[in-house]
Structure formats: C-alpha cells, structure tokens
A.B. asks: 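Right, I'll just put the structure down here and ask away after.
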Amino acid sequence: MQQAASTLARAASTLPPVTVQAAPAAESATARQGNGHCHDCAGDVVIVGAVRTANCRAKKGGFKDAYPDDLVVAVLKEVLERTGVKPEEVDDVCFGSVFPSTSKRASECCAGLQSIANLAAAIQAGYIDIGIAGGIEFYTKDPLYWQGSDNPKIEGSKHAQDVGLALGLTAENVAEKFHVEREVQDRFAAASHAKAAAAQASGKFDKEIVPVKVMQKDSSGETKEVVVAADDSIRADSTFDSLSKASAPFDLSSTLFLKPYFKKGGTVTAGNCCSNTDCAAAVLMMNRAEAERRGLPILATLRSFATGAVEPGTMGTAPLVAVPKALERAGISKEEVEVFELNEAFASQFAYCMEQLGVPEEKVNPNGGAIALGHPAGATGVRQTVTLLHELARRQESGDPERVDVGLELKKAVFEAYRANDPAELHRHQLKESQYLISCTIHDLQHPTASSPLPPQFHAASPQLLRGLQADLAHVNQQLEQDHLVPAAAPTAEERED
Ligand SMILES: CC(=O)SCCNC(=O)CCNC(=O)[C@H](O)C(C)(C)COP(=O)(O)OP(=O)(O)OC[C@H]1O[C@@H](n2cnc3c(N)ncnc32)[C@H](O)[C@@H]1OP(=O)(O)O
C-alpha cells in the first residue's frame with residue numbers, strides 16, 4: 001500500500017481542476033442513434049425528469065424550521081410538472097431514507113440509489129409503467145445515532161460490533177490501513193469546495209434545484225416565509241490552508257489546524273468529512289417506448305447496477321467492489337466514462353477509492369461532492385444522479401458534435417452505482433427489523449385514510465418508523481390537496497368512469 005500512499009501524495013500536490021475534458025468518443029455497447037433514441041431497445045428503463053432541493057446545513061441552514069415532507073412534496077410536484085405526467089399515472093413512488101430514529105447505522109447511504117434500481121427492476125419486469133424514485137434525509141429532525149437498545153448477541157461478533165462504529169472511525173480506519181495522510185484528505189476536501197463553489201457561482205445548479213417555500217425563524221425569533229433555492233453547505237472560502245496548516249510537518253498546535261473530530265491523534269476532521277444536510281431528490285422513470293410516445297427528452301438510460309460488500313470496519317471502500325462489477329455488466333470500460341459521481345462520505349475513503357479505481361481526478365465529481373454539498377444519506381444517490389444528468393445535458397447542449405456521442409455513452413455510466421452492503425450489517429438490520437427503503441403508491445400518498453393510513457407496499461418497517469411516516473404522509477396529502485394537485489377526496493366509482 002506504500003505505492004498507493006505515494007500516488008495519493010502526488011495526486012494531492014495539485015488541486016483537481018474544476019473544468020473537465022471530454023474523453024475520446026467510445027463505441028456504443030448497444031444499438032442507439034446519436035439523438036439518444038434507440039429503436040431496438042424500447043424496454044430500456046430511462047429517466048425523463050430529475051430534480052432536487054437545495055442542500056442545507058442541518059439545524060443551521062435554510063430548512064432548519066421546515067419539515068421533511070416540505071421537501072418531498074416539492075420534488076414530487078416539480079418532477080411531475082416538468083414531465084407533464086399526471087399524479088394518477090404514476091404507479092409507484094419509492095424513496096430512500098436512512099436515519100429515522102429507528103435506524104441503527106448509516107451504510108445504507110445508497111438507499112436513494114437503491115430506490116432507482118428497485119423501480120427500474122419493477123419497470124423492466126412489467127410490474128409498473130411509471131415510477132418516481134427518490135431520497136430524503138432530514139438531519140434537522142432525525143438524529144445521526146441509534147436511540148434504541150442493542151441485542152446482546154452483538155457482543156459475540158466483531159463484525160456486528162464494527163457495524164456500530166461511529167462512521168468517522170471507519171474513515172480513520174481507512175486512513176490508517178491504506179495510508180491516506182491528513183494532507184491528502186484536506187486537499188481533496190478543498191477541491192470539493194472549490195468545484196462546488198465554482199458550479200454554484202456559474203449557475204450550474206439552478207436548473208436541478210427546486211425552490212422550496214418554507215417557514216423560517218430569524219435571529220429575532222420572528223417567523224416568516226422564505227424561498228430556499230441554493231445550497232448553503234458550500235464553503236467558498238475553504239482552502240487547503242483554511243482546512244489545515246499548510247506547512248509540513250503539520251503544526252498541531254496551530255489555531256488554523258482543524259482538530260481531528262472522531263479520534264485523538266486521528267486525521268478525520270469536520271472539514272474533510274461530509275457535512276450533514278437536509279435534502280430531497282427525485283427522478284421520474286419509465287421505459288423508452290413510453291418516453292418516446294410522450295415525446296419526453298430522455299435524460300439517461302439505466303445500463304447496470306451493482307452492489308459490493310466490504311468489512312464494516314472499513315466501510316466506504318465498497319465502490320472498489322461494485323464499480324468494476326457495474327462497468328462489466330454495462331459492457332464498458334472505465335476509460336469510456338467521462339464523468340463519475342463518487343460519494344465523498346469522507347475524504348479518506350474517497351481518495352483511496354479514486355486512487356484504487358484508477359480514475360483521473362478531473363473526471364470525478366466535477367461539480368463537487370458530499371464534502372462541500374453535504375451528504376443527506378438517503379437522498380445522496382439520487383442527488384448525485386440528478387447532478388450528473390444535468391451535467392451531461394449541459395455537455396450535450398454545448399453543441400460540440402463529438403461531445404454529444406460522449407454524452408450518450410456517459411449515460412450508461414450514470415448508473416455505475418455502488419452500495420455498501422455489509423452482510424453483518426444486514427444481519428443486524430434484520431435483528432432490528434428495520435427497513436430503510438420506503439415504498440408507497442402515489443394513490444396512497446393522495447388518499448391516506450384513518451383506517452388504512454399506510455399503503456400495503458411499505459416493507460417490514462419498524463413501528464416507530466411507520467408512525468413517523470404516517471404523520472409525514474398525512475402532511476404530504478394535505479399539501480398536495482392545498483396545492484390542488486389531487487382531489488380532496490378519493491373519486492367515486494362514477495367519477496372514475498367519467
Ligand atoms: C455510510 C455513510 O453514511 S458514511 C457518512 C455518514 N455521515 C457522517 O458520518 C457525517 C459526518 N459528519 C458529521 O457528523 C459532522 O459534519 C461533524 C460531527 C463532523 C461536524 O458537525 P458540525 O459541528 O455540525 O459541523 P459544521 O459543518 O457545523 O462544522 C463545525 C465547525 O468546523 C469548522 N469547519 C467545518 N468545515 C470547515 C471547512 N471546510 N473549513 C474550515 N472550517 C470548517 C468550522 O469552524 C465549523 O463551525 P462554523 O460552521 O461555525 O464555521
């Protein structure tokens with residue numbers, strides 16, 4: 001691993017550039033035309049709408065006095081409006097959410113991405129025609145720690161105990177085991193902020209972010225309505241120097257030096273890990289034939305999806321297993337991919353994964369990642385997908401014919417997705433009877449009733465989670481009705497016939 005360490009040190013010597021160069025155009029793995037339409041793959045699962053809310057700092061940012069359903073309703077409404085799809089035409093809505101108070105642990109950060117995969121599978125199987133996949137995390141109200149009691153059996157299993165490690169400690173483990181120095185981590189963190197700040201300043205996020213009207217208390221305690229339309233997690237003034245003391249060796253006594261947060265003598269700080277933000281994101285999916293019938297622009301085609309398992313103590317290295325699998329299943333090489341979205345839960349795991357995957361820095365997270373934008377766990381996979389699709393659309397619109405082909409190839413790469421899926425953790429989830437993927441139909445969202453408030457599609461969620469969702473669903477319904485998106489009452493049989 002010394003070689004890995006020295007390569008990482010070299011990589012850290014310059015900040016990753018903010019601009020991204022197009023890779024050479026690659027051969028298509030499936031028959032398709034230059035305009036993104038493909039005559040012999042009508043059953044492809046495609047994305048036709050992709051939106052997100054702003055990422056706002058938990059408890060301190062734009063959504064500090066809001067409710068999670070304010071965000072969910074905003075992205076649902078917007079993705080429907082942008083595509084012209086009617087609520088009643090949507091067969092299923094599946095949102096990932098990781099940290100309701102019943103959750104034990106966090107490595108279901110891929111819950112949002114998994115919701116995309118689940119709905120895509122349902123579309124491909126013919127179980128549904130149109131679905132909305134999304135993710136929501138609301139740290140302002142949901143704690144980032146387990147509030148329940150542990151099964152004593154866990155004491156007998158090192159793996160199960162590692163599942164309970166503070167996530168920052170798993171990042172420390174990665175840094176120590178794979179020699180990812182503090183300097184490297186701080187440089188990647190600074191690069192994330194620089195890229196995100198540049199993207200924000202140039203208006204790149206404007207189209208993907210849905211403005212959300214929420215109530216907010218100001219410093220005098222007065223509550224007023226505000227519109228939140230911009231990420232407030234990005235620190236444009238965050239540089240390598242502000243994250244650490246630039247001179248080497250580090251001057252640990254310097255006031256400039258951000259102290260290790262999770263472990264004495266460690267390297268992971270509040271500056272080189274993701275911040276906790278509130279955010280929701282959603283994509284609308286259907287098959288290609290349906291999209292073409294409706295004349296909807298195809299933003300992306302799902303080519304493959306893969307999961308990978310790693311030791312829970314070094315959580316965050318699962319992309320090393322899953323990305324090659326996803327590429328292989330899609331039938332493309334990593335060189336054919338122009339843009340990667342790789343989660344920056346912590347700079348240590350991000351730097352190590354990037355180095356081991358052998359992908360150039362300039363191809364990864366061109367608009368910044370979770371260190372700058374925040375990591376609203378259940379929403380992150382969808383947030384990344386939304387950001388990536390808008391990036392690809394911009395490149396296609398750039399008018400460079402060579403880049404159009406590249407862009408289309410890229411769309412396969414959107415879903416070179418990963419998921420940390422530790423067996424020990426899954427076991428623990430079963431013990432807790434927790435289930436993070438939340439699925440319900442749009443009809444149930446519209447018409448929760450007192451006697452049957454929850455849709456049958458909810459998976460085996462714990463009672464506490466269900467109670468929380470019940471409240472959320474009632475609120476969602478109320479908002480949808482207020483906004484005249486749905487009729488106030490379920491239509492009668494006669495009305496339906498009309
Ligand atoms: C599978 C998975 O899900 S893995 C990932 C799961 N997610 C996590 O584990 C979350 C990890 N991160 C955290 O828990 C939190 O960010 C913590 C606990 C480390 C820090 O929480 P907070 O104290 O709320 O963080 P916050 O962003 O407010 O930063 C605290 C202070 O650190 C300093 N700081 C943070 N970032 C920077 C930066 N980029 N540059 C300079 N100073 C910084 C600032 O002084 C800041 O205070 P300020 O906001 O008043 O300026």
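Positions are given from 1, in the same order as the sequence printed here. Numbering of ligands and ligand atoms starts at 1, following listing order.
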A.B. asks: Please work out whether the ring planes of F350 and F188 are parallel, tilted or perpendicular, with thresholds of 30° and 60°.
C.D. replies: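 F350 and F188: perpendicular rings.
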A.B. asks: Going from NZ on K204 to CG on N367, what distance comes out if it is rounded to the nearest 0.5 angstrom?
C.D. replies: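 So the gap between those two atoms works out to 4.5 Å.
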A.B. asks: Report, in ascending order of atom number, the atoms of ligand 1 lying under 4.0 Å from any heavy atom of C273.
C.D. replies: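 Numbered from 1, ligand 1 contributes 11 (C), 12 (N), 19 (C).
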A.B. asks: Please identify each residue that fulfils salt bridge (Lys or Arg N to Asp or Glu O under 4.0 Å) with E208, with sequence neighbours left out.
C.D. replies: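 Counting only residues at least two positions away or on another chain, E208 forms a salt bridge (Lys or Arg N to Asp or Glu O under 4.0 Å) with R52.
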A.B. asks: In terms of atom number and element, which parts of ligand 1 are under 4.0 angstrom from non-hydrogen atoms of L243?
C.D. replies: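 Result: 38 (C), 39 (N), 40 (N).
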A.B. asks: Taking both backbone and side-chain atoms of K60, is any N or O found less than 3.5 Å from an N or O belonging to ligand 1?
C.D. replies: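 Yes.
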A.B. asks: Test the K59-Y139 pair against the cation-pi criterion, namely NZ or CZ under 6.0 angstrom from the six-membered ring centroid and within 45° of the ring axis.
C.D. replies: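 So K59 doesn't make the cation-pi contact.
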A.B. asks: For ligand 1, which atoms, with element, lie under 4.0 Å from some heavy atom of A345?
C.D. replies: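 Going through ligand 1 atom by atom, the ones under 4.0 Å from A345 are 4 (S), 5 (C).
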A.B. asks: When you measure from atom 15 (C) of ligand 1 to each heavy atom in D186, N276, V268, T269, which option holds the nearest one?
C.D. replies: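 Minimum heavy-atom distance to atom 15 (C) of ligand 1 goes to N276.
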A.B. asks: Just to check, does G168 reach to within less than 4.0 Å of ligand 1 when the distance is taken from its heavy atoms?
C.D. replies: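 No heavy atom of G168 comes that close to ligand 1.
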A.B. asks: Do R394 and E391 meet the salt-bridge criterion of a basic N to acidic O distance under 4.0 Å?
C.D. replies: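 The answer is yes: the pair qualifies as a salt bridge.
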A.B. asks: Knowing that exactly one of Q185, E181, R182 qualifies, which makes a side-chain hydrogen bond (donor to acceptor under 3.5 Å, both in side chains) with T267?
C.D. replies: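 Among the candidates, only Q185 passes.
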A.B. asks: To the nearest 0.5 Å, tell me how far N173 CG sits from M315 CE.
C.D. replies: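 Atom-to-atom, N173:CG and M315:CE are 10.0 Å apart.
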A.B. asks: Should you measure from each heavy atom of S238, which atoms of ligand 1 turn up under 4.0 Å away?
C.D. replies: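 Ligand 1 atoms under the 4.0 Å threshold to S238: 38 (C), 39 (N), 40 (N).
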A.B. asks: Using distance alone, determine whether Y261 and ligand 1 share an N or O pair under 3.5 Å.
C.D. replies: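 No: no nitrogen or oxygen of Y261 is under 3.5 Å from one in ligand 1.
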A.B. asks: With the threshold set at under 4.0 angstrom, would you say K59 reaches ligand 1 through any of its heavy atoms?
C.D. replies: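 So K59 does not count as touching ligand 1.
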A.B. asks: Is a side-chain donor or acceptor of S233 paired with a backbone partner of L373 at a separation under 3.5 angstrom?
C.D. replies: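 A pair under 3.5 Å: yes.
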A.B. asks: Please list, in number order, the atoms of ligand 1 under 4.0 Å from a heavy atom of H193.
C.D. replies: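 With H193 as reference, the close atoms of ligand 1 come out as 39 (N).
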A.B. asks: Given E344, E137, R235, R57, identify the one with the heavy atom nearest to atom 46 (C) of ligand 1.
C.D. replies: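 Answer by nearest heavy atom: R235.
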A.B. asks: Counting only heavy atoms closer than 4.0 Å, does ligand 1 sit against the backbone of A166, its side chain, both, or neither?
C.D. replies: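 Neither; no heavy atom under 4.0 Å.
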A.B. asks: OG of S192 to CG of N272: how many Å apart, nearest 0.5 Å?
C.D. replies: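 It comes to 11.0 Å.
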A.B. asks: Just jot down the ligand 1 atoms closer than 4.0 angstrom to any heavy atom of F346, in number order.
C.D. replies: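 With F346 as reference, the close atoms of ligand 1 come out as 4 (S), 5 (C), 9 (O).
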A.B. asks: So that I can tick it off, tell me whether R383 and E137 are bridged by a salt bridge, with the cut-off set at under 4.0 angstrom between side-chain N and carboxylate O.
C.D. replies: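 Salt bridge between E137 and R383, a charged N being under 4.0 Å from a carboxylate O: no.
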A.B. asks: Using a 3.5 Å cut-off on N or O atoms only, is S242 in polar contact with ligand 1?
C.D. replies: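 No; every N/O pair is 3.5 Å or more apart.
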A.B. asks: Any atom of ligand 1 sitting under 4.0 Å from a heavy atom of A377?
C.D. replies: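 In this structure, A377 fails to qualify as a contact of ligand 1 - no heavy atom is under 4.0 Å.
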